[in-house]
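To keep things clear, I will list the structure first and then write my remarks on it.
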Amino acid sequence: MTDRARPLSFADLGAQYRRLKPAIDARIQAVLDHGRFILGPEVAELEDALAVYAGCAHAVGVASGTDALQIALMGEGIGPGDAVFLPAFTFTATAEVVALLGATPVFVDVDPRSFTIDCGDLARRLAALKDLRARAVIAVDLFGLPADYAALRDLAGRHGLFLLADAAQSFGATLNGARVGTLAPVTALSFFPAKPLGCYGDGGALLTDDADRAARYRSIRAHGKGDGKYDIERVGLNSRLDTLQAAILLAKLAAFDDDLTAREAVARRYDAALAGLVITPHRTNRSRSAWAQYAILLDDRAAMVEFLKTRGVPTAVHYPRPLHRQPAYAHFANGPLPVSEMLCDRILSLPMHPDLDEAASQRICAAVKEAVVAAGS
Ligand SMILES: *Cc1c(COP(=O)(O)O)cnc(C)c1O
C-alpha cells in the first residue's frame, strides 16, 4: 500500500502506549504484585497528584466521568422539582445524570465560536423558568476549551446555583492562567481512553476545594458509607476508581504536559494549513485548550467525510444531534436552540492525538484542501 493511501488513526492510543510502555507496564505489574485492586495505594497517590496538578485541595477518584457528574449532583441533593441548566450541544452523559436523579434538564444554547454554553441564553432561560427550582448549571468545556467561567460564576452567584464543570474533555486546559479544576466549585473529569488523559477502561474524578463535598463524594462512591464500612449514612453507588486504572493514569500523568504540548502543535499545524479553507476552532489569548478534539465547520460535511475516507483520513462527528432532538430527551425540549442545531449539521472532528506527526498532518490538510477545491469547482 502506498503511504498516501495507508489509513491514519483518529486517536492513536497504540502509539502512546509504545512511547510510555516501560512506565505503564511497571505500574501495572506493581498492582498485580501487591494485589490491592480496590482503593489500593495508587488511587490515593493519583488523587494527590491530580489535586497538585490542578491546584485544588481535593481529588476523589470515581468509576467514570458520568458517575463523577452524577455524584456531584447527588452531593447537592438535586432531585425531582429541580432544574439543572446545561448546553444542548454536548455528550449525552451531561443530561443523563440529571434525568436519572429525577431532576429536569433545561437545555441552553451554545456560543457559535467557542461551542460552550451561551451565558446570555442561560440568563434568559433562568428568567423564563416556571414551576421548577433553579438549582444548578453544568458548564461543558467542549473539545477541551474552557467555558466562560467568569460569567458563569457571576450568574450562579446571583441565582444561588451550584456550578459544576463538566471537564471530561478539558483536563489540562487553562483560562486566564488558572487550571481546569479551579474554575468552578466542583469539576468532573473523565479518564475514558480517548480523553486527553485517558486510562485503559473507565475512570473519572471530582476536583474541589471544599473538604465537606470531598468527604460526601468519598461516601457516595462507596455505597454511602460513614466512618465504619457497614455504617451507611446515605444512598450511594458502587463507583470507585480501579487501582489498575489509577496506576495507568499515574504513568500517563507524568507525560501529560508533553502530550498537551504535542496536541497544541498538531492544532497549530491544522490552523496554519486550514484557516480560510474551513472554519477552524476558536482561539483566544485568555485560554489554552486541552485539544480533546480539533473540530472544523463545513457547509457540506457529508461530501468532506466521503472524500477524506478515500484518502485514508478518518473523521468523527461530535455530535450529530443536539440533546433536545434525541428521542430520550425530546420531552424536555424548551424551544429552539438554533446554534446547537446548526453545529450538529456542520461540525467535523479531524484526527487528533499527541503522536500525530508532521507528515500525517500534511496528508490530512492536503486532503481537506483537495476536497474544498473539488467542492468549489
Ligand atoms: C466523555 C464525556 C463524559 C462521560 O465520561 P465517561 O467517563 O465516558 O463516563 C461526560 N461529558 C462529556 C462532555 C464527555 O465528553
Side-chain angles (χ1 to χ4, degrees), residues 10-11 13 46 50 59-74 84-101 105 107-108 110-111 114-117 136-147 149 152 163-173 180-181 183-184 186-207 217 220-221 237-242 244-246 248-249 252 263 289-295 316-323 326 328-329 340 343-344 347 349 352-353:
F10 185 76
L13 291 172
L46 177 71
L50 291 172
V60 179
V62 298
S64 71
T66 305
D67 277 8
L69 294 168
Q70 181 173 339
I71 291 168
L73 298 182
M74 288 171 76
V84 178
F85 296 80
L86 57 104
F89 186 52
T90 178
F91 181 61
T92 325
T94 319
E96 179 180 60
V97 294
V98 177
L100 271 173
L101 294 175
F107 297 118
V108 180
V110 296
D111 180 86
S114 69
F115 311 154
T116 60
I117 194 164
V137 54
I138 308 178
V140 180
D141 302 339
L142 205 72
F143 305 149
L145 188 72
Y149 284 97
L152 284 163
L163 172 58
L164 172 60
D166 179 345
Q169 303 182 8
S170 65
F171 189 57
V180 162
L183 302 171
V186 178
T187 300
L189 307 183
S190 165
F191 305 126
F192 181 81
K195 309 287 177 170
L197 180 64
C199 57
Y200 291 153
D202 281 305
L206 283 153
L207 304 177
Y217 302 157
I220 294 169
R221 78 172 172 187
L237 302 170
N238 174 1
S239 183
R240 297 159 305 216
L241 177 65
D242 288 348
L244 271 171
Q245 300 304 342
I248 291 158
L249 287 164
K252 289 206 188 185
R263 285 176 183 271
S289 177
W291 296 110
Q293 303 297 341
Y294 186 93
V317 176
H318 306 101
Y319 299 92
R321 234 198 263 191
L323 292 184
Q326 291 287 3
Y329 297 97
S340 299
L343 292 173
C344 289
I347 201 87
S349 298
M352 170 52 85
H353 57 85

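Counting convention: from 1, in listed order, for ligands and their atoms alike.
Heavy-atom contacts of Gln169 reach the following atoms of ligand 1: 13 (C), 14 (C), 15 (O) (cutoff under 4.0 Å). Listed by number with element, the atoms of ligand 1 under 4.0 Å from a non-hydrogen atom of Gly65 are 5 (O), 6 (P), 7 (O), 9 (O).
Counting only heavy atoms of the protein, atom 13 (C) of ligand 1 lies nearest to Asp166 OD2, 3.4 Å. If you check which protein heavy atom lies closest to atom 1 (C) of ligand 1, you get Lys195 NZ, 1.6 Å. Looking from atom 5 (O) of ligand 1 to the surrounding protein, the closest heavy atom is Ser190 OG, 3.3 Å.
Proximity of Asp67 to ligand 1, defined as any heavy-atom pair under 4.0 Å, is not found for any part of the residue. Here Thr66 has heavy atoms under 4.0 Å from ligand 1 in both its backbone and its side chain.
In terms of modelled atom types and a separation under 3.5 Å, the side chain of Asp141 and the main chain of Gly144 share no donor-acceptor contact. Looking at Thr94, its side chain does come within 3.5 Å of a backbone N or O of Phe91 through a donor-acceptor pair. No donor-acceptor pair under 3.5 Å is formed between the side chain of Lys252 and the backbone N or O of Leu197.
For Tyr294, the ring pair (Phe, Tyr, Trp, His ring centres under 6.0 Å) criterion is met by Tyr270, Trp291, not counting sequence neighbours.
The minimum heavy-atom distance between Asp67 and Ser64, with the atom names listed, is N-OG, 3.0 Å.
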